Undergrad: 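What follows is a structure written as structure tokens; I'll ask about it next.
Just so it is clear: chains get the letters A, B, ... in the order the sequence lines come, proteins before strands, and each one is counted from 1. Atom set for the values below is all heavy atoms of this structure, side chains included, hydrogens, waters and symmetry mates excluded. Bear in mind that the values here come from a model prediction, so they are computed numbers and not experimental data.
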Protein chains: 2
Amino acid sequence: MTIKDIANAVGVTPTTVSNVINGNYHKVSQKTIDKVQKVIKESGYVPNKNARALANNSSKIIGVIFPKTTEGFMQDPFHSQILTGIEKIVGAKKYDLMIKSIDNYEEIYELMRNWSVDGFIILSLIGYQLPQLEKFKNVPAVFIDTYYEELKYINIGSEDYQGEFKAANYLLEMGHESIGFISYHIDYPSVISMRLNGFKDAIESKGLPFDCSENVLEIVGFDPIGKDCENKILDFVKDKTGICISADILAIEIMELLRSKGYRIPEDISIIGFDNVYLSRLVNPKLTTINQDIIAKGKIAAENLINMIEKNNKEKPNIKIPTNLIIRDSVKKIND
Amino acid sequence: MTIKDIANAVGVTPTTVSNVINGNYHKVSQKTIDKVQKVIKESGYVPNKNARALANNSSKIIGVIFPKTTEGFMQDPFHSQILTGIEKIVGAKKYDLMIKSIDNYEEIYELMRNWSVDGFIILSLIGYQLPQLEKFKNVPAVFIDTYYEELKYINIGSEDYQGEFKAANYLLEMGHESIGFISYHIDYPSVISMRLNGFKDAIESKGLPFDCSENVLEIVGFDPIGKDCENKILDFVKDKTGICISADILAIEIMELLRSKGYRIPEDISIIGFDNVYLSRLVNPKLTTINQDIIAKGKIAAENLINMIEKNNKEKPNIKIPTNLIIRDSVKKIND
DNA sequence: CTGAAAGCGCTTACAG
DNA sequence: CTGAAAGCGCTTACAG
């Protein structure tokens, strides 16, 4: 079933059929429109989008790009929720979705030319790789959580600074005076460095001293936490009553470690996470954390991209999703 | 940059360029091959796959189909891990990946015709909808976790029966005599009904009586668990020492519920899950469970699909991933 | 071994 | 309002 078949069945030319399919109604009489639509419906005609894309140099495909990692990117619940949000909007707006993990930013360009992809959502780009995207400049794209001074694209981030400020501030208000921040490797600038800034400013806003070597522990390597790393954490925690941890997943790992060493949480030490992932309310004690609506983030990314594509919108705003404190059971009040 | 441009640059026709791109080397002289490849490399030529798909009626696109749910499908860590496995193989084999959530199985057919999609991986199809796929019969497709008598497609499942048998058997060997099985809604046949059979047979293999109304609790609705549901669970658990739960996520929810009612795990009641999701080792106590390699499942699905496509393989095997017991801390030994 | 030509299914100026 | 025709970038019999 092709446009030509429809045209023959109705007794009209492919031009006319194409016009009704594409809603160019002002070019066709109502009588013809009706006849064509009837035959299309009855025949179960499905357009060949490859042909359409070839003729239009535009596919209504959106590409989601993420880094090729050994563990597998979607493993991380954060990313799968982003994808959930993206997929909802993309589907609702009648676009198709391609996903691809890459090693090398040339591959984005290649994918674009392969299929005449209309736009991209790019997850977890490392900032310093941005210059490689020069030739990509005129392609509609939105980034997620990419901080880089010269970013010429829309970025969808979160209020990371404000969120971690709230977290640290809560600890301080609960009477904690010696607090720390633990994170995986900290890139600058990045989501994590923003959070660290919020932490620092919360401390200083109370007139307390902040010192990187005192208040911050950056851990290398990934889960499960290695032996040497364990000792660093135990050492770091010793003289503190409360810890902000840059992500729930890591917070949960660390809670597990501390528990195994005989710490009671929150009696012996208070913990606060970031992200409010699903499992944060299922661990024991339930984790106090900073919430962000990750699915909304994916949706906003897709909505902005589609706006760029359809309205040829040239603005490059830096959008930030709000973050808010979720109080559960992993922080205790200190009275003195 | 098109094939025609390359042809002009080399001084040859598009036919020849196409032949070298497609590896039809026996049709071209070595000298010409070299010249064409050199120009392709230098020019940064990228093929237009829409044109190729249009000419070939085949796209090297693989579609991953999943149901449109309100919560969002990829939320579930199980599904995002499957997707991780699929993406790895699809990328490695130089295919492209489209994903789409659907309400209605007609949409699969539509997607196929839209893009000349070469094959599909279909997740969480409800068995009784299979007959709707009649017209889809000749399209390469593999299903994941779909049990249906008349399945004419490859299905990639797990040893659900054997896994739950091992789980229940472990409880029995640890001295538990009154044990139960808790699950969300049980379809027949399905992953869950297979697990229930394994549970039942383990009990009966010890010469113990099995009675559905005694040993099985099917809960309706989803997380978080509702009030009425809570009471059912508490009631069910009262006269038992060990519980098999059909999925880790549910097990973790239930552990949380029991803890809040004063139960100590495993001292007061033993719990065993299924799936070995990431968080099962992060909860307290660490969850004893049945492991399956979910990423491998995704990989096997993709490998089988691509074999079907490329070798025109007509076999429809029913593949099952092994399951094994992971002993952690949520089951205690009962000595009498 | 190489090329001319038709065809895949659509869109889009252009003419009438 | 309708249609004839060229074009999008590829592939593939077929002829030489």
Undergrad: Quiz question: by atom type and distance under 3.5 Å, do the side chains of A:D34 and A:Q30 form a donor-acceptor pair?
TA: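 Yes, A:Q30 and A:D34 have a side-chain donor paired with an acceptor closer than 3.5 Å.
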
Undergrad: Quick one: does any side-chain atom of A:D160 pair with a main-chain N or O of A:I192 as donor and acceptor, under 3.5 Å?
TA: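 Pair absent, no side-chain N/O of A:D160 close to backbone of A:I192.
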
Undergrad: So which atom in B:S116 and which in B:A53 form the shortest heavy-atom distance, rounded to 0.1 Å?
TA: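 Here B:S116 and B:A53 meet closest at OG-O, 4.3 Å.
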
Undergrad: For a stem of at least 3 consecutive Watson-Crick or G-U pairs with distances under 3.5 Å, i pairing with j, i+1 with j-1 and so on, which stems involve DNA chain C?
TA: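 Stem list for DNA chain C: C:1-3 with D:14-16, C:5-12 with D:5-12, C:14-16 with D:1-3.
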
Undergrad: Tell me, please, the opening and closing nucleotides of DNA chain C, 5' to 3', among those with an atom under 4.0 angstrom from a non-hydrogen atom of chain A.
TA: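 Taking any atom under 4.0 Å from a heavy atom of chain A, the span is C:dG9 to C:dA13.
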
Undergrad: Identify the two heavy atoms, one from A:A9 and one from A:V39, that lie closest to each other, and give their separation to 0.1 Å.
TA: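 Minimum heavy-atom contact is CB-CG1, 4.0 Å.
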
Undergrad: Show, in sequence, the C-alpha distance, side-chain angles and deciding distance for B:K38 and B:E42, and conclude whether the salt bridge (Lys or Arg N to Asp or Glu O under 4.0 Å) test is met.
TA: CA-CA 6 Å; B:K38 182 154 173 283; B:E42 288 170 356; 3.5 Å; yes

Undergrad: For the CG atom of B:D145 and the CG atom of B:N155, what is their distance to the nearest 0.5 Å?
TA: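 One gets 6.5 Å once the value is rounded to the nearest 0.5 Å.
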
Undergrad: Taking the side chain as C-beta and beyond, is there a heavy-atom pair between A:K49 and A:D96 under 4.5 Å?
TA: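 In contact.
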
Undergrad: Please report the shortest heavy-atom distance between A:L305 and A:G119, naming the atom on each side.
TA: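 That would be CD2-C, 3.8 Å.
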
Undergrad: Near DNA chain D, counting only heavy atoms under 4.0 Å, which residues of residues 11-30 of chain B show up?
TA: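 Within this stretch, B:T15, B:S18, B:N22 sit under 4.0 Å of the strand.
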
Undergrad: Answer yes or no: is there a side-chain heavy-atom contact under 4.5 Å between B:Y45 and B:I3?
TA: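 Side chain of B:Y45 against side chain of B:I3, heavy atoms only: contact under 4.5 Å found.
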
Undergrad: Rounded to the nearest 0.5 Å, what separates atom CD1 in A:I121 from atom CD1 in A:I306?
TA: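 Rounded to the nearest 0.5 Å, the CD1-CD1 separation comes out at 7.5 Å.
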
